[in-house]
Peer 1: 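Please read through the structure below; I'll follow up with questions.
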Amino acid sequence: MSYRIEKDTMGEVKVPIDKYWGAQTERSKENFQIGIEKMPHEVIIGFAILKRSAAKANYVLGKLSKEKNDVIAAVCDEIISGKWDAHFPLVVWQTGSGTQSNMNVNEVIANRGNEILREKGSKESLHPNDDVNMSQSSNDTFPTAMHIAGVMAVKKELYKAIDILITTLQVKSEQFQSIVKIGRTHLQDATPLTLGQEISGWVHMLKQTKMMIDESSQFMRNLAIGGTAVGTGINAHPEFGNIAAKEISELTGENFSSSQNKFHALTSHDEAVHTHGALKALAANLMKIANDVRWLASGPRCGIGEIKIPENEPGSSIMPGKVNPTQAEAMTMVAVQIMGNDAAIGFAASQGNFELNVFKPVIIYNFLQSVRLLTDAIKSFHDNCAVGIEPNLPVIKKYLNESLMLVTALNPHIGYENAAKIAKHAHEKGITLKESAIELQLLSAEKFDELIKPEEMV
């Protein structure tokens, strides 16, 4: 492999000749060979949006030339388009402030920018610290990139996935609104409801948790930019943060603002904790929906079997003909991962010491993994399971007619204790409620039929 020599304040470093990163990136690459988890692509995009906006703010404030601003903007656009993805090699497990990833972005922009400047015959040159990182510190840029990445990830893909599943389940709820089935509480028989009503609960869960995510993510629109090293804004113009945040808003189409208190913005990540808590609530609801689906579809002959779901692949290497609720299983595993991520994020966010939290990379890595997994799992569950949910009418009717809890409708007419006698007698004798009521001489056949109408109990 061919190398070139790059320099930083610690001396010379060999860097692959075909890569735009510089000495600090190479040092991090060599010193942190930990795990396979790379800094998320979304964070790099967040950085590119930020660096473009910071250059524009510095230009507006008269600190950066138009030519430098323009070339920084051009390179950032290339990064956003994915053109230089291979030039961001650093792992998550690096410095807790994300300094090395900040410098990775600075170096790539500077080296690629200088290449463009040379091609134009310009006498200008970009310095990764003095120009690309002007008015900034890793301590305020990394949390800013975190928030941009987090908000955009939620808005860009997750909401779409949730909305598609809501629409499909809403249609199913309306289609199955007249199918009366037995309800279940404590995993025991309860009073009836319709299959449509049962599914409507799933629909509302998704709608409500989407609102929770949206409301909580508003706090992540506060950005640390302008705080520089410790929150005082040293080396930055007092208006730099506000101008940069305005530019970020214009680039993303989302409303971001520079935090009113940068001391909070650098050392606390309560906004990410709060938003991820809403993601955990979504995971909890998805766990419930997936479990309901696999219980209701259990069988096909020895389970509940009230609904049918698509048969996507063989389920066993030894039992011929077995088909399993694999999409539900995948969804529940994702939910468990999100709950684990939430614990990691919460603990990491509690570790802000004095003016800085140095657990930033692990916070945003887990946050973005949760968004990505939730998005993908919802899409997969929708496409390969939810769209194919259908009622198993003979089984639904059988369970409804055999349920002892229909006796609840008799409470207002013969009292709770007499109704309980009918239910217990029917269960002990293995007979129907109607037969039990007649044997106990508590109701005539005609009166029983008049009072027990499942379709009126929903």
Side-chain angles (χ1 to χ4, degrees), residues 153-184 193-214 278-279 281-301 303-316 321-338 370-397 399-400 458:
V154 167
K155 292 279 287 187
K156 187 176 179 182
E157 296 295 338
L158 181 58
Y159 285 1
K160 293 178 185 177
I162 295 173
D163 287 342
I164 290 171
L165 185 56
I166 286 173
T167 300
T168 293
L169 293 178
Q170 183 67 54
V171 170
K172 297 287 182 184
S173 177
E174 292 167 1
Q175 287 177 342
F176 306 153
Q177 199 59 41
S178 62
I179 300 174
V180 181
K181 66 181 291 291
I182 199 64
R184 294 178 179 86
L193 76 167
T194 72
L195 182 57
Q197 288 173 327
E198 192 165 46
I199 294 176
S200 76
W202 305 346
V203 172
H204 193 71
M205 285 177 188
L206 295 172
K207 288 181 177 178
Q208 185 152 287
T209 45
K210 182 187 173 186
M211 289 174 57
M212 291 176 183
I213 295 167
D214 196 53
L279 295 175
L282 173 62
N285 281 339
L286 292 171
M287 173 77 86
K288 182 266 191 295
I289 293 169
N291 277 334
D292 279 1
V293 167
R294 64 174 170 177
W295 274 108
L296 290 172
S298 61
R301 294 189 175 180
I304 293 176
E306 289 184 341
I307 64 172
K308 300 175 183 178
I309 58 175
E311 299 181 350
N312 297 322
E313 62 272 318
S316 173
K322 196 173 192 302
V323 180
N324 297 326
T326 52
Q327 290 296 320
E329 291 169 2
M331 181 80 89
T332 55
M333 285 193 289
V334 164
V336 168
Q337 182 65 51
I338 272 62
S370 290
V371 175
R372 193 178 310 113
L373 287 176
L374 286 168
T375 301
D376 291 348
I378 292 170
K379 287 179 180 177
S380 183
F381 182 79
H382 171 269
D383 295 346
N384 300 300
C385 183
V387 294
I389 293 174
E390 296 295 337
N392 189 346
L393 295 175
V395 173
I396 288 174
K397 184 176 180 181
Y399 288 152
L400 180 65
V458 300

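Everything numeric here is computed off the predicted structure, so don't read it as measured data.
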Peer 1: A quick test of your reading: do over 12 heavy atoms of other residues, nucleotides or ligands sit less than 6.0 Å from NZ of Lys397?
Peer 2: no
Peer 1: Could you tell me whether the side chain of Asn312 and the main chain of Asn384 form a donor-acceptor pair under 3.5 Å?
Peer 2: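 Yes.
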Peer 1: In the structure I gave you, are the side-chain heavy atoms of Leu400 and Glu306 within less than 4.5 Å of one another anywhere?
Peer 2: no
Peer 1: Go through the steps for Ile378 and Leu206 under the test side chain to side chain contact (heavy atoms under 4.5 Å, CB included), then give the verdict.
Peer 2: CA-CA 11 Å; Ile378 292 170; Leu206 295 172; 5.7 Å; no
Peer 1: Is there side-chain contact between Leu169 and Met205, with at least one heavy-atom pair below 4.5 Å?
Peer 2: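 No. Closest side-chain heavy atoms not under 4.5 Å.
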Peer 1: Can you find a pair of side-chain heavy atoms, one from His382 and one from Gln327, that are under 4.5 Å apart?
Peer 2: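 They are not in side-chain contact.
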Peer 1: Can you tell if the side chain of Ile389 reaches within under 4.5 Å of the side chain of Ile309, non-hydrogen atoms only?
Peer 2: yes
Peer 1: Quick one, Asn392 and Leu296 - any side-chain contact, counting heavy atoms below 4.5 Å?
Peer 2: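 Asn392 vs Leu296: side chains apart.
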Peer 1: Might you confirm whether atom CD of Glu329 has over 12 heavy atoms from other residues, nucleotides or ligands at distances under 6.0 Å?
Peer 2: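 Yes.
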Peer 1: Any donor-acceptor pair under 3.5 Å linking the side chain of Ser200 with the backbone of Gln197?
Peer 2: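 The answer is yes, because a donor-acceptor pair under 3.5 Å joins these two groups.
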Peer 1: Does a salt bridge link Asp292 with Lys288, judged by any charged N lying under 4.0 Å from a carboxylate O?
Peer 2: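 Yes, charged N to carboxylate O under 4.0 Å.
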Peer 1: Between Met287 and Asn291, does a side chain to side chain contact (heavy atoms under 4.5 Å, CB included) hold up when you go through it step by step?
Peer 2: CA-CA 6 Å; Met287 173 77 86; Asn291 277 334; 3.7 Å; yes
Peer 1: With side chains defined as the heavy atoms from C-beta onward, is the minimum distance between Leu286 and Ile338 less than 4.5 Å?
Peer 2: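 No; the side chains remain at least 4.5 Å from each other.
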Peer 1: How close do Gly183 and Leu193 get, counting heavy atoms only, and between which atoms?
Peer 2: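 Looking at all heavy atoms of both residues, the closest pair is CA-CD2, 3.4 Å.
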Peer 1: Which atoms form the tightest heavy-atom contact between Ala290 and Ala328, and what is the distance?
Peer 2: O-CB, 3.5 Å
Peer 1: Output the distance between atom CG (Asp163) and atom CG (Leu158), rounded to the nearest 0.5 Å.
Peer 2: 9.5 Å
Peer 1: So, for Tyr399 and Ile304, which heavy atoms are closest and what is the spacing to 0.1 Å?
Peer 2: CE1-O, 3.0 Å
Peer 1: Identify the two heavy atoms, one from Pro391 and one from Ile179, that lie closest to each other, and give their separation to 0.1 Å.
Peer 2: CG-CD1, 3.6 Å
Peer 1: Check whether any side-chain heavy atom of Met331 lies under 4.5 Å from a side-chain heavy atom of Arg294, and answer yes or no.
Peer 2: no
Peer 1: Minimum heavy-atom separation for Gly388 to Pro310, with atom names?
Peer 2: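 What the structure gives for the nearest pair is CA-CG, 3.7 Å.
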Peer 1: State, yes or no, whether a side-chain contact exists between Tyr159 and Asp214 at a heavy-atom distance under 4.5 Å.
Peer 2: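 They are in contact (side-chain heavy atoms under 4.5 Å apart), so the answer is yes.
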